[in-house]
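Report on one structure; see the data block that follows.
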Amino acid sequence: MSKPHVAVQSTDPITRCGLEHALERSPQLVLTSVEEADVVVVALDTVDAAAVETLQALKPGEDARFVVVASRGWYVDPTLAVECGVRAVLWREEANANALVRAVAMVAAGQAWLPPSVQGRLLDQVEHVQREVLRPRGLTSSGLTGREIDVLRMLSEGLDLAEIAQKMSYSERTIKKIISSVTTRLQLRNRVHAVTYAIRAGLI
């Protein structure tokens, strides 16, 4: 397995030098440019709307994720930060070399680390969206209804449309409409793509 490539971004050259020094001491990581990084460590004063714009402007690789080292408070919707690629946040007073390397390694491995206060705000936001937006429309956080998930699960088990229709007490035409609705709404290519989407989302 190749070592994670990590880059550091900071407007303060002293801060940048300190972060790079902490990271280059780890044999687990390889320092590189922002464009080639798997993980980008970004030093920010506060995490606010302007900070999110800064992250969006960096334009690292498509799959790159951010570790934010923040000096002061959090003043932005956590979902916005997550959407732009933030997967770990360290407060500057806690960001020693070991903590920084650990956070980068976790993010490179597909994990995340958020301070408890940020986790709480993120969970509150998810709960609000689920309660006020998705549930009234019969949707889950995946964008699928329970009925759609049931159809995709049976497709993944190898059942054909007639068998699914019989099990769900629907017509084959209704089952086809359900599948068509999923593929159109989520911009999926076909039934196989829809099943793959559901599996990767952990729905079936």
Side-chain angles (χ1 to χ4, degrees), residues 1-130 141-143 196-197 199-203:
M1 183 176 179
S2 61
K3 297 178 181 179
H5 285 57
V6 57
V8 175
Q9 181 69 28
S10 174
T11 56
D12 175 19
I14 296 177
T15 298
R16 178 171 182 169
C17 183
L19 292 172
E20 289 180 341
H21 178 68
L23 293 168
E24 68 186 2
R25 292 170 55 193
S26 172
Q28 309 169 40
L29 307 173
V30 177
L31 284 177
T32 187
S33 65
V34 169
E35 294 76 16
E36 298 178 351
D38 303 308
V39 180
V40 182
V41 177
V42 184
L44 298 170
D45 185 17
T46 58
V47 184
D48 53 17
V52 170
E53 291 178 1
T54 297
L55 297 176
Q56 292 171 334
L58 288 178
K59 298 181 179 178
E62 183 178 351
D63 297 324
R65 295 294 179 258
F66 294 111
V67 172
V68 170
V69 179
S71 298
R72 294 188 284 125
W74 185 285
Y75 305 105
V76 70
D77 182 341
T79 57
L80 291 178
V82 171
E83 284 174 7
C84 77
V86 174
R87 292 295 180 270
V89 176
L90 296 173
W91 301 125
R92 186 161 183 169
E93 63 269 20
E94 302 169 355
N96 57 51
N98 290 337
L100 182 61
V101 169
R102 183 169 61 250
V104 170
M106 289 176 65
V107 171
Q111 302 174 41
W113 167 252
L114 298 174
S117 59
V118 179
Q119 290 183 42
R121 292 184 62 180
L122 180 58
L123 291 174
D124 287 345
Q125 181 68 13
V126 170
E127 181 184 13
H128 172 77
V129 171
Q130 181 72 34
S141 57
S142 65
T196 301
Y197 171 87
I199 292 173
R200 288 179 174 172
L203 301 173

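When a residue number appears, it is its place in the shown sequence, counting from 1.
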For [X] and [Y], which heavy atoms make the closest approach, and how far apart are they?
X      : Y      : answer
Ala103 : Leu90  : CB-CD1, 4.1 Å
Val67  : Val39  : CG2-CG1, 3.6 Å
Ala22  : Val101 : O-CG2, 3.9 Å
Lys3   : Val30  : CB-CG2, 3.8 Å
Pro4   : Gln28  : CD-O, 3.2 Å
His5   : Glu36  : CB-O, 3.8 Å

Give, for atom [atom1] of [X] and atom [atom2] of [Y], the distance between the pair rounded to the nearest 0.5 Å.
X     : Y     : atom1 : atom2 : answer
Asp45 : Thr54 : CG    : OG1   : 11.0 Å
Glu35 : Leu58 : CD    : CG    : 9.0 Å
Leu55 : Phe66 : CG    : CZ    : 5.0 Å
Leu19 : Gln9  : CG    : CD    : 11.0 Å

*Let me know which of Val86, Val76, Leu80 forms a side-chain contact (heavy atoms from CB on, under 4.5 Å) with Val47.*
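Considering Val86, Val76, Leu80, a side-chain contact (heavy atoms from CB on, under 4.5 Å) with Val47 is found only for Val76.
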*Apply side-chain contact (heavy atoms from CB on, under 4.5 Å) to Thr15 and Arg92, showing your working.*
CA-CA 10 Å; Thr15 298; Arg92 186 161 183 169; 2.9 Å; yes
